[in-house]
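Since the structure comes first, as structure tokens, the remarks are kept for the end.
When reading the values below, keep in mind they use all heavy atoms of this one structure, side chains included, and skip hydrogens, waters and symmetry mates. Naming: A, B, ... by sequence-line order, numbering from 1 per chain.
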Amino acid sequence: MTEIASKYEAKAIEDKWYAKWMNNKCFASQPDGRKAFTIVIPPPNVTGVLHMGHMLNNTIQDVLVRRARMKGFNACWVPGTDHASIATEAKVVAKLKEEGINKQDLSREEFLAHAWDWKEKHGGIILQQLKKLGASCDWDRTRFTMEEALYESVIDVFVDLYDKGLIYRGVRMVNWDPVALTALSDEEVIFKEQNSKLYYLKYKIENSEEFVVVATTRPETILGDTAVCVHPEDERYSSLKGKRLIVPLVGRSVPVIFDEYVDREFGTGALKITPAHDVNDYNLGLKHKLDVIDIFNDNGTLNDNGGVYASMDRFDCRRKIVEDLQDAGLVFKIEDYNNKIGCSERTNAVIEPKLSLQWFVRMEKLAKPALEVVMNDTIRFHPAKFKNVYRHWMENVKDWCISRQLWWGQRIPAYYLPNREVVVAKTLEEALAKAREHFPEENYTSADLKQDEDVLDTWFSSWLWPISVFDGIRHPDNDQIRYYYPTDDLITAPEIIFFWVARMIMAGLEYRKEVPFRNVYFTGIVRDKLGRKMSKSLGNSPDPIELMDRYGADGVRMGMLLASPAGNDLPFDESYCEQGRNFSNKIWNALRLIKSWKVEHLPQPDSSRKAVEWFEAKMNATLCELEKDFSNYKLSEALMTVYKFIWDDFCSWYLEIIKPAYQSPIDSETYERTLDIFERLMKILHPFMPFVTEEIYHMIRQRKEDDFLMLSSMPCGTERDDAVLERFAFVQEFIAGVRTVRNEKNIAQKVALEVYYSNGRESGTLAEYADIISKMCNLKSFESTSEKVGGAIAKMVGTTEFFIPLTGSVDKEEETRKIEADIKYYEGFRASVMKKLSNESFVSKAPSNIVEAERKKLSDSEQKIALLKEQLAALK
RNA sequence: GGGAGUAUAGCUCAGUUGGUUUAGAGCAUCUGCCUUACAAGCAGAGGGUCAUAGGUUCGACUCCUAUUACUCCCACCA
């Protein structure tokens, strides 16, 4: 045998196998007679680099895909990236700025050329990184949400929904980002605590010298005030009915309105109303039919409605206006105040609520069936607790603002006519045809049509992802979509259950009349040891590539999975990866052991035959357990099951039993059975640790290079022999009992012991497995006895007593103490059982098998107590 | 403010419709071992009033109620 290193070195081996898998197209899938198993990747942002969240998410996907592939499914994992309009545009803008180019100086076409250029050069690094992790994606299918087919799908869907009346254009209050010059969805706004001031301003009552004090954090918005509101039952202000107030500095006369919306406890209980710049004020404005005065430009400066403040920045204006108010004696007081301010997730700019013409999708009709399929388990959520979250949102769903004032994205296919009408169509030509059809007298030409400047929300393309990657929007009957849709599992984070998961379900039902996936597995958030979310800004996220260099991709994969049941956050700690690496090494050394044996045609020892028999039974039991774990998506438990099966059952028990004495040969029968078993173990482990298992598979037996483990079939559990498992479990317990004595008495492993065991219920099993017991405990004799052995250590396992005569003297005091403690324990136990049995209602009401079990507990404990007492007596 | 979830060993988690000897695992800890596959290892051990208080039941980690602590989601007060 050639020398095999005692330490497993992952890196070279991982690179080697990934290249071989790729060269042999092991990940490729095309429709065939098998059943499909499909996963579409949650497309990472094209700007993204691999972080720990991706590692977890993609490890899980790979485990599921690899297992399905080995179970005979035609497994297809579709990779790709998302154009991420806001993030990418921000990145390109920043890069251009470094080069001294302003976005404003470029035409739309020029900017897009730069953006595509950036995408070609830097986009999709993350997909290369995923290969290091071992992701078995069908890379030939890599899709991008802005590529032609997907772009067109988005446009098709927009036109279709518009024609169905599900898309409309309306005035709405949107979250305006004055830096990015775009509207943001509610989800993209984050609220931050900020120290600010609460200004108490005097509003004169019209035709009176009295005034009302109104508290505000945004004094500059008085320029847009069109009312002051108080609570209808607020006695302080009951005299204001029918009165009007003068907005300070501005001099405008506005009505006092009464509405229960006002919190009487806050400030003075009087609220100024600026319908153009606050969502609540806007709603109140609608209700009370107030004027709307918009005072801001898009970039956050004051517009002409700002009068003398026009063209000032909003924050400069605030300072100036406060000064002016103070000079005019219109400030009652100023207090410190902490409030929460909405900021843009991307640019960090303070959000300006703004009235704007935007495109919306009507959600109500789409949401209803999408809610139903989750509630009735057509789509199963793992864990199921997210069903509640989902329901809550779907029942209160609001219309979806889909227009974004950006260039990088699918441009909205709406065309404005000189007569201010709008037509929606896939192309300019079709739009023109529609325009001519509607307004035959106008004789429009294409030059008359002006396309909407906005692009669509990124999620408006990602919601089609499971369909559009198979081109199922443009060609609903193509072979690919028919074969692969619906997909099987979606692996994603609970944070995007609404923007993405819910909307994919809606799109699936609307465009395929079928759910997009059967199962949704929600991963947790990866946190650091202190429980903080991993993030770039905190710098607490390890570099996944470096981690894989140190522990191997297999080690990191195992590390990620060990501590993350579905839906639970993962408090990441490198020691998990270390455990994974150690496991790789353990398997590696099992291989070294086996490969070091000389094989000869010898009769198979009984101990080996029994070990094989037991291990096969254990294998069946384990396979059943795994089947159950996987069907419940309990991947951590499945991995732990495999881990213990290999480390404990295979290495610590099976191999130790069959291991021949040093430099002695092994019989060929046991050897062949062992190689068989080892190969099956590698198959079972493969989905979790693809690289080390593939490597070892090829070293166990000589095989052709393209005879891949990853394409082999997963072993299936058959009926298991519980009787064997039970007997062996007792043998293990017995062996541990003897070893404990050895440990307690500090007897070296090499000193062979003499052991006698009492005749009883289990003595048959002990005789049957005598060879194994002798080997595992290093015994020189192992015999049954019908009498007590004097001057020996006596212990009990089950109901069997065993004796180890020791050459040295027995520490009577210590033994006595231990036995007395045991007696105490069993007496306590017996007491609790007796209490139950003496309870008449227990005996009469509990099922008979339970009562029977209690009786057995009682007799067992009594037998043990009796034996222990005998031992105690023998000691004295 | 509204909704949901969690609370079991030092840490991370299992514990199926209430009854399987007075709760299990991995890691960590401790003890003894450099035993010819592996110290990234071997053998063994210790460690829990199952958050608190009530209730239902013959019987509660498991079901109900309240309390406490934490987490997440939604909304948000000028």
Are any of the side-chain nitrogens in Glu637(A) or Lys628(A) under 4.0 Å away from the carboxylate oxygens of its partner? no

Is any side-chain nitrogen or oxygen of [X] closer than 4.0 Å to OP1 or OP2 of [N]?
X	N	value
Thr740(A)	A45(B)	yes
Tyr199(A)	A78(B)	no
Lys857(A)	U21(B)	no
Asn743(A)	C33(B)	no
Arg581(A)	A40(B)	no
Ser636(A)	U12(B)	no

Can you tell me the distance, in whole Å, between the [atom1] atom of [X] and the [atom2] atom of [N]?
X	N	atom1	atom2	answer
Met834(A)	U22(B)	CE	C1'	16 Å
Ile525(A)	C73(B)	CD1	P	7 Å
Leu655(A)	A37(B)	CG	P	11 Å

Parallel, tilted or perpendicular: rings of Tyr671(A) and Trp597(A) (30°, 60°): perpendicular

Run Ile497(A) and Phe381(A) through side-chain contact (heavy atoms from CB on, under 4.5 Å) and show every step you take. CA-CA 11 Å; Ile497(A) 188 167; Phe381(A) 281 7; 4.0 Å; yes

Which parts of residues 582-590 of chain A get close to RNA chain B, meaning a heavy atom less than 4.0 angstrom away? Asn582(A), Asn585(A), Lys586(A), Asn589(A), Ala590(A)

Could Lys202(A) and Phe332(A) be counted as a cation-pi pair, given that NZ or CZ must be under 6.0 Å from the ring centre and within 45° of the axis? no

State whether the distance check finds a donor on one side and an acceptor on the other, under 3.5 Å, for side chain Glu656(A) versus base A37(B). yes

Considering Watson-Crick and G-U wobble pairs with both distances under 3.5 Å, what does C70(B) pair with? G5(B)

Quick check for you: among A25(B), A78(B), A43(B), whose closest atom lies nearest to any side-chain atom of Tyr337(A)? A78(B)

